[in-house]
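Before any comments, here is the structure.
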Amino acid sequence: MQKAIITVVGKDQVGIIANICTYLAKNKINILDITQTIVSGFFNMMMIVDTGKAAKDFSALSYDLDELGKELKVIIKLQREEIFESMHRI
């Protein structure tokens with residue numbers, strides 16, 4: 001298992017989750033956990049995913065998600081779990 005963290009931030013609109021989940025399914029990425037909230041019209045989501053069986057390498061996935069974010073007018077970031085944990089350690 002290769003865990004990674006996906007974060008999504010932007011103005012709320014129809015289809016954000018659907019588009020991201022469709023991309024993940026097409027690339028054999030399993031969602032392990034997901035949380036999302038909308039505050040004053042702004043969408044925020046964090047997903048823990050398993051990229052171990054992904055159809056593409058990590059840098060290609062990251063690039064694709066960045067491009068998908070541009071299409072959806074949100075910011076999508078993919079980070080390896082260990083890097084995310086290091087960055088957010090107190």
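Under the side-chain hydrogen bond (donor to acceptor under 3.5 Å, both in side chains) criterion, Glu67 pairs with Lys70, not counting sequence neighbours. Residues passing the side-chain contact (heavy atoms from CB on, under 4.5 Å) test with Ile34 are Ile31, Met45, Met47, sequence neighbours excluded. Lys11 is linked by a side-chain hydrogen bond (donor to acceptor under 3.5 Å, both in side chains) to nothing, counting only residues two or more places apart in sequence or in another chain. Under the side-chain contact (heavy atoms from CB on, under 4.5 Å) criterion, Ile48 pairs with Lys3, Ile5, Leu32, Asp33, not counting sequence neighbours. Listed by chain and number, the residues in a side-chain contact (heavy atoms from CB on, under 4.5 Å) with Thr37 are Val39, Asn44 (sequence neighbours excluded).
Hydrophobic side-chain contacts under 4.5 Å tie Val14 to no other Ile, Leu, Val, Met, Phe, Trp or Tyr residue. Applying the 4.5 Å side-chain rule to ILVMFWY residues, one finds that Ile75 remains a lone member of its cluster. Other residues sharing the hydrophobic cluster of Tyr63, ordered by chain and number and joined by side-chain separations under 4.5 Å: none, the residue standing alone.
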Please tabulate, for the side chains in residues 51-59, all donor-acceptor contacts under 3.5 angstrom to protein atoms that are two or more places apart in sequence or on a different chain.
{"from": "Thr51", "atom 1": "OG1", "to": "Gln2", "atom 2": "O", "distance (Å)": "3.1"}
{"from": "Lys56", "atom 1": "NZ", "to": "Asp64", "atom 2": "OD2", "distance (Å)": "2.5"}
{"from": "Asp57", "atom 1": "OD1", "to": "Ser59", "atom 2": "N", "distance (Å)": "3.3"}
{"from": "Asp57", "atom 1": "OD1", "to": "Ser59", "atom 2": "OG", "distance (Å)": "3.1"}
{"from": "Asp57", "atom 1": "OD1", "to": "Ala60", "atom 2": "N", "distance (Å)": "2.8"}

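Separation of atoms OH (Tyr23) and CD1 (Ile76) is listed at 10.0 Å; rounding is to 0.5 Å. The distance from atom CG of Leu72 to atom CD1 of Ile17, rounded to the nearest 0.5 Å, is 11.5 Å. The line from CG of Leu68 to CD1 of Ile16 is 10.0 Å long, rounded to the nearest 0.5 Å.
Checked options Thr35, Val9, Val8; the residue passing with Met46 is Thr35 (criterion: side-chain contact (heavy atoms from CB on, under 4.5 Å)).
Considering every non-hydrogen atom in both Ala4 and Leu78, the closest pair reads CB-CD1, 3.7 Å.
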